[in-house]
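In this text, all values refer to a predicted model and were calculated from it rather than measured experimentally.
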Amino acid sequence: MVCLGNICRSPLAEGILRAKLNDDFTIDSAGTGNYHIGDLPDKRSIQVADKYGIDISNQRGRQFSVADFDDFDWIYVMDNSNFKNVVKLARNENDIAKVKLILNEVYPNQNYDVPDPYHDSAQGFENVFKMLDEATDVIKEKILKN
Ligand code: 4NP
């Protein structure tokens with residue numbers, strides 16, 4: 001799960017998907033930027049997750065790296081800017097094929113962004129939670145069929 005800062009959207013995506021799958025799956029998140037390495041998720045992400053019974057306070061920010069193409073089968077990005085930044089790091093077509101816009105799981109081929117809620121109110125975080133909850137339902141079904 002990849003966003004820009006790895007403090008708002010992708011920690012939620014990681015936490016929500018983890019809550020839906022068992023420990024057989026390696027789920028992680030990262031940011032394309034380096035501003036929040038080692039940081040806790042944003043308080044508002046921690047709060048909205050907590051409201052739905054998910055604890056994401058053990059997560060710490062890290063930056064996406066080329067090694068992630070080797071370590072993960074699927075790389076879900078939150079928005080089109082993240083998509084471009086991750087694809088820039090790809091070494092080959094196989095790497096690129098792993099990168100997917102997360103909302104395309106719910107709205108195929110629409111290329112919608114999960115909006116960055118950083119400068120938004122708590123409602124923005126609630127909206128992001130709902131979008132990611134829907135998307136991870138589809139991802140869960142796909143993973144379990146795989
Ligand atoms: P995120 O939100 O990409 O959903 O974690 C952001 C958080 C912080 C910054 C940018 C996006 N920032 O520039 O500090």
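Exactly one residue among Arg44, Lys51, Gln47 makes a side-chain hydrogen bond (donor to acceptor under 3.5 Å, both in side chains) with Glu126. That residue is Lys51.
A donor-acceptor pair under 3.5 Å is formed between the side chain of Asp55 and the backbone N or O of Ser57. Ser45 contributes no side-chain N or O that, together with a main-chain N or O of Pro41, makes up a donor-acceptor pair within less than 3.5 Å. Of the possible polar contacts, none joining the Asp137 side chain to the Glu134 backbone as a donor-acceptor pair under 3.5 Å is found.
Using a 4.0 Å cut-off between charged nitrogen and carboxylate oxygen, Arg18 and Asp23 do not count as a salt-bridge pair. The residues Asp42 and Arg9 are annotated as not salt-bridged, no charged nitrogen and carboxylate oxygen being separated by less than 4.0 angstrom. A salt bridge links Asp133 with Lys20: the distance from a Lys NZ or Arg NE/NH1/NH2 to an Asp or Glu carboxylate oxygen falls below 4.0 Å. Remark: Arg62 engages Asp68 in a salt bridge, criterion side-chain N to carboxylate O under 4.0 Å.
For the residue pair Asn85/Lys88, the side-chain donor-acceptor check at 3.5 Å is satisfied. Asn111 and Asn104 are linked by a side-chain donor-acceptor pair at a separation below 3.5 angstrom, with hydrogens and angles left out of the test.
With a 4.5 Å cut-off on side-chain heavy atoms, Phe64 and Phe69 count as touching.
Side-chain heavy atoms closer than 4.5 Å link hydrophobic residues (I, L, V, M, F, W, Y) into clusters, and following such links, even through other members, never connects Leu4 to Ile46. One hydrophobic cluster, built from ILVMFWY side chains closer than 4.5 Å, holds both Val106 and Ile139.
With sequence neighbours excluded, the residues satisfying ring pair (Phe, Tyr, Trp, His ring centres under 6.0 Å) with Tyr107 are Tyr112.
Between Phe83 and Tyr76, the ring center distance fails the sub-6.0 Å criterion.
The nearest pair of heavy atoms linking Pro11 to Ile56 is O-CG2, 3.8 Å.
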